Structure formats: structure tokens, C-alpha cells
Amino acid sequence: MPSFPEIVLSAEDDLVLTPLNRDDAPALVAAVQDAELRRWLPLPSPYTRELAASWCTEVSTAMRESGRGFVLGIRRDGSLAGSIDAKRVDWRSRTLELSYWTAAAHRGQGVMTAALRRVTAWLIEELGFERVELRISPDNAGSLGVARSASFIREGVARSAGFTDAGRTDLVIWSHIPADRMPAE
């Protein structure tokens, strides 16, 4: 199975996407304390600095090196503004799923839309992926707006396919394939 390269991507003028590192652990712990973010992500509680450090180093590195996925931190003006990670990678069919979160201070500013467009373009144009998929709760208006703004196509609903701390949730399936036109930035 191929591995993902350790890459640095730029998006717009002030966004840089890089692998997470140990120094990101405090910012990650702070970000996941946000009630709106925790509403959609079933994270351990408490989310400790040790857990964050492990995610930022050992877990994300193992995912990338094994080809099972990757995690990129989104940096804006030197701070961790969010993250995009890949999972459910199928190298043979060239498909994967992306998920993302944005720190509260950076929401509503186009940060995640720009980052998602850039990562999707990299996956399709440079790595040859044929399908990039998103799965989003139908009640998560922010993430649905990002998917729409990043030119993903809504396909349908997978009933009771996800879970949060509040229980089961449907997931809206969105996709982007090479034939879909990516808008100019």
C-alpha cells in the first residue's frame, strides 16, 4: 500500500497546511473544548494534552506512513485554525473520505473552504484520486456550507450512519470527482 507524502500545501495568501506536530497539542486541546465542535465530533472527555500530543505525532504519522490516511493542520497567521484528515482510503479504487474542523476564532472566514479546495485539488490532480467524499450530519450547517462552497456535490443521505456524543445521526454524503469543476480561487 502506498504512503502519503509528508507535504506542505498553501491555500490563498495566508493559509498553510502541514502535518501536525507536538507543538500543536495545546492548541488542539483548546480547540476541542468548544461546545459547537464537540457537538459534531465524538471525542474522548477529557481530551488531555497527552492524548492530543499522541494524535499530533504518533497516530497521524502512522496513518500517513501506512497509507491509511493523513492529518493536516491548517495554519493561519501562525496559529492552528483547524484540521483536515483523510480516512477510509482505498488506493486500488483511488477513493477516500475527508473530515474537518475549524477552531472557533476562524469560523465564518472562508478558512476551511479554501483549505478543503486545496487538499481536494492536491488529491485529485497530484495523487490521482478519483473520488473524495465527505459525510456530514444534516444538522451541521457550518460543515454543509463548507462542502457546498468547496464545490462538492450532494448525493444523498446515509441513515443512522454516524454518531456523536448525543447519539446516532444521519450523514449527508457529498463527493468531488475529477469531472467536477473546481472554482478559481
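The model shown is predicted, which means the values in this text are computed figures rather than measured ones.
If you look at F70 and W122, their ring centroids are closer than 6.0 Å. Checked against a 6.0 Å centroid threshold, the rings of F4 and W91 count as neighbours.
How far CG of N140 is from OG1 of T169: 9.0 Å, rounded to the nearest 0.5 Å. Distance CG/D180 to OG/S175: 6.0 Å, rounded to 0.5 Å. Interatomic distance, S149 OG to M112 CE, rounded to the nearest 0.5 Å: 12.5 Å. I84 CD1 to S99 OG: the interatomic distance, rounded to the nearest 0.5 Å, is 9.0 Å. Here CG of L28 is found 12.5 Å from CG of D23. Values are rounded to the nearest 0.5 Å.
Remark: R22 engages E58 in a salt bridge, criterion side-chain N to carboxylate O under 4.0 Å. We find that D90 and R131 are not joined by a salt bridge, their nearest charged nitrogen and carboxylate oxygen being 4.0 Å or further apart. Ion pairing between E130 and R94 fails under the 4.0 Å rule for side-chain N and carboxylate O.
Nearest heavy-atom pair, T102 versus L37, reported as atom, atom and distance to 0.1 Å: O-CD1, 3.9 Å. Shortest non-hydrogen contact noted between P44 and R38 is O-NH2, 3.1 Å. The two atoms that bring T18 and V16 nearest to each other are CG2-CG1, 3.6 Å, heavy atoms only. Looking at every heavy atom in both residues, D165 comes nearest to P42 through OD1-CA, 3.7 Å. Scanning all heavy atoms of the two residues, the minimum distance from R154 to W174 falls at N-CE3, 3.4 Å. Minimum heavy-atom separation, A114 to A11: O-CB, 3.8 Å.
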Evaluate the criterion side-chain contact (heavy atoms from CB on, under 4.5 Å) for residue pair D24 and R75; output intermediate values, then yes/no.
CA-CA 10 Å; D24 292 319; R75 302 172 197 295; 2.6 Å; yes
Steps toward side-chain contact (heavy atoms from CB on, under 4.5 Å) verdict (V119, V132)
CA-CA 10 Å; V119 170; V132 177; over 6 Å; no
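Put simply, the side chain of E133 does not reach to within 4.5 Å of the side chain of T95, judged on heavy atoms. Using a 4.5 Å heavy-atom threshold, the side chains of R39 and T164 count as separate. Under the 4.5 Å side-chain criterion, counting only non-hydrogen atoms from C-beta, L96 is not in contact with R88. Contact check for L72 versus P19: side-chain heavy atoms found under the 4.5 Å cut-off. Under the 4.5 Å side-chain criterion, counting only non-hydrogen atoms from C-beta, L41 is not in contact with V32. Between C56 and V71 there is no side-chain heavy-atom pair separated by less than 4.5 Å. Annotation: side chain of L80 is in contact with side chain of L20 (closest heavy-atom distance under 4.5 Å). The side-chain heavy atoms of L134 and L116, taken from C-beta on, include a pair separated by under 4.5 Å.
No single ILVMFWY cluster, assembled from side-chain heavy atoms under 4.5 Å apart, contains both W40 and F163.
Panel note: side chain R118, backbone S10; a donor-acceptor pair is recorded below 3.5 Å. Listed for the D34 side chain is no donor-acceptor partner under 3.5 Å among the backbone atoms of A31. Counting only distance, with no hydrogens or angles, the side chain of Y100 and the backbone of T113 share no donor-acceptor pair below 3.5 Å. Checked by atom type and distance alone, the side chain of S79 pairs as donor or acceptor with a backbone atom of R76 at under 3.5 Å. Side chain of R49 to backbone of A25: no donor-acceptor contact under 3.5 angstrom is found. Using modelled atom types, one side-chain atom of D170 and one backbone atom of S160 make a donor-acceptor pair closer than 3.5 Å.
Between H176 and F152, the ring planes are tilted. Angles from 30° to 60° get that label.
Within 6.0 Å of CZ in R159 there are 12 or fewer heavy atoms belonging to other residues, nucleotides or ligands.
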